[in-house]
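Everything on this sheet refers to the single structure shown next.
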Amino acid sequence: MNLTGPGRPRVRQSTRPGATAREEILDAAAELFTTQGYATTSTRAIADAVGVRQSSLYHHFATKDDILEELLAGTVSEGLAFAREVADLSDTDRSDTGHPAAAVAAAPRLHAVALFDGAHLCSGRWNIGVLYHLPEARSERFGSFLQDREELRGLYRRLGAAAVPVPLWEGDPLHHGELAFRLVESLVGLRADGQATPSSPLQVADAAMVLCGAAELLPSIRVQSLALIDRLGRRLPDLAEAAGRS
């Protein structure tokens, strides 16, 4: 007999991916929230999609907001953790001196963050990033997610400033990183329109370098970017495989 927890038999066998009932609930909620809408999706509908009783769902999540909170957090957690490590390298690396040659060394860092973050944003089975635009997602209830996303945005801005020797916009030298951040989040729209490909995160990271005035250095930047990802013990998700799962 399949159980969702101690003494909790399933209504039916689940076909959802996930090693635990909690993961299956998150997968079902992600599908329903992104395809039918958050407001119109009930916890009963989520439980039915998993094949568990509604009371069993509440064993894992007390409210629908708790489910949304975990889904939103998952869209930024990997990128933020990586960006923090890259920013720490920028703080300790002596090449960041403000000299144009230092900016060349800094550009692969921004590229690596954009590539890694974008790849993870595209790797999920469901396009959870579309939920960023929910009015509910902007409320204080989701303050932890909003704080993490704002920290990630700030790291992009900092890395962008280091990558550009002469800012195009003197009044806002951090705007290059801001544009890189927005370019990465544009992958959400590409996925929604069915236009995202396994190459899209790399294309977005490359576009960020063009905005930083480093177009001629792209071949070298790509090599250094991938080396940095590997150096920090990370692996890019297989987006071709991810596309096949969706």
Side-chain angles (χ1 to χ4, degrees), residues 4-6 8 10 14 16-85 87 113-114 116-157 178 181-182 184-192 196 201 234 237 242 245-246:
T4 60
R8 291 178 172 81
R10 285 188 181 274
S14 174
R16 292 272 165 191
T20 65
R22 185 182 183 88
E23 291 177 359
E24 293 174 8
I25 290 168
L26 288 169
D27 180 76
E31 178 183 12
L32 293 172
F33 290 168
T34 58
T35 60
Q36 297 185 17
Y38 178 73
T40 58
T41 297
S42 65
T43 53
R44 181 178 296 278
I46 297 170
D48 288 346
V50 178
V52 300
R53 293 182 172 85
Q54 191 174 19
S55 58
S56 297
L57 182 147
Y58 290 135
H59 174 72
H60 299 280
F61 296 97
T63 68
K64 188 171 71 168
D65 281 353
D66 290 342
I67 301 175
L68 178 59
E69 181 177 35
E70 187 157 334
L71 289 173
L72 289 172
T75 66
V76 297
S77 57
E78 291 284 349
L80 177 56
F82 181 70
R84 284 170 175 165
E85 288 193 55
V113 168
F116 186 84
D117 188 23
H120 278 275
L121 201 56
C122 288
S123 67
R125 200 163 106 92
W126 308 105
N127 190 17
I128 300 172
V130 297
L131 303 178
Y132 290 174
H133 302 295
L134 287 173
E136 295 89 344
R138 302 285 178 167
S139 69
E140 292 182 3
R141 169 66 181 78
F142 301 100
S144 179
F145 157 71
L146 294 172
Q147 183 176 343
D148 284 349
R149 181 171 175 267
E150 185 62 23
E151 181 185 352
L152 179 59
R153 174 175 169 259
L155 291 171
Y156 267 93
R157 287 172 67 85
E178 178 76 28
F181 177 72
R182 301 299 174 180
V184 170
E185 289 202 338
S186 74
L187 289 166
V188 172
L190 282 176
R191 285 193 73 181
R234 297 303 206 283
R245 294 196 308 265
S246 58

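Heavy-atom basis, side chains included; hydrogens, waters and symmetry copies ignored.
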Any carboxylate oxygen within less than 4.0 angstrom of a Lys/Arg side-chain nitrogen, looking at Glu136 and Lys64? no
With a 4.5 Å limit on heavy-atom distance, are the side chains of Leu155 and Phe181 in contact? no
Is there side-chain contact between Thr75 and Val188, with at least one heavy-atom pair below 4.5 Å? no
Identify the heavy atoms of Ala137 and Leu146 that sit nearest to each other, and give their distance. O-CD2, 3.5 Å
Applying side chain to side chain donor-acceptor pair (under 3.5 Å) to Gln147 and not counting sequence neighbours gives none
Might you point out which heavy atoms bring Thr34 and Ile128 nearest each other, and give the distance in Å? CG2-CA, 4.1 Å
Tell me, do Phe61 and Ile46 make a side-chain contact under 4.5 Å, heavy atoms counted? no
Can you check side chain to side chain contact (heavy atoms under 4.5 Å, CB included) on Tyr38 and Asp65, steps first, answer last? CA-CA 10 Å; Tyr38 178 73; Asp65 281 353; 2.3 Å; yes
What residues form a side chain to side chain donor-acceptor pair (under 3.5 Å) with Thr41, not counting sequence neighbours? none
OG (Ser42) and CD (Gln54) are apart, to the nearest 0.5 Å, by 7.0 Å
Once you round to the nearest 0.5 Å, how far does CD of Glu23 lie from NE2 of His60? 11.0 Å
Centroid-to-centroid, Tyr132 to Phe145, below 6.0 Å? yes
For the residue pair Phe82 and Asp117, establish whether any side-chain heavy-atom pair is separated by less than 4.5 Å. no
Do you know the tightest heavy-atom contact between Ala192 and Val130? CB-CG1, 4.3 Å
Spacing of Phe116 atom CZ and Leu121 atom CG [to the nearest 0.5 Å]: 12.0 Å
Those residues at least two apart in sequence (or on a different chain) that pass side chain to side chain donor-acceptor pair (under 3.5 Å) with Asp66 are Thr63, Arg141
What's the shortest heavy-atom distance between Arg191 and Ala196, and which atoms? CG-CB, 3.7 Å
Side chain proximity check, Tyr156 to Val184, heavy atoms < 4.5 angstrom: yes
CD of Glu78 to CZ of Arg234, rounded to nearest 0.5 Å, is 7.0 Å
Heavy-atom nearest pair, Leu152 first then Gly79, reads CD1-O, 3.8 Å
As an exercise, state the distance from CG of Asp148 to CG of Leu72, rounded to the nearest 0.5 Å. 11.0 Å
Nearest heavy-atom neighbours spanning Ala49 and Leu32: CB-CD1, 4.2 Å
To the nearest 0.5 Å, what is the distance between CD (Glu85) and CG (Leu80)? 10.5 Å
Residue Arg44 excluded, over 12 heavy atoms near CZ under 6.0 Å: no
Arg22 side chain vs Leu57 backbone, donor-acceptor pair below 3.5 Å: no
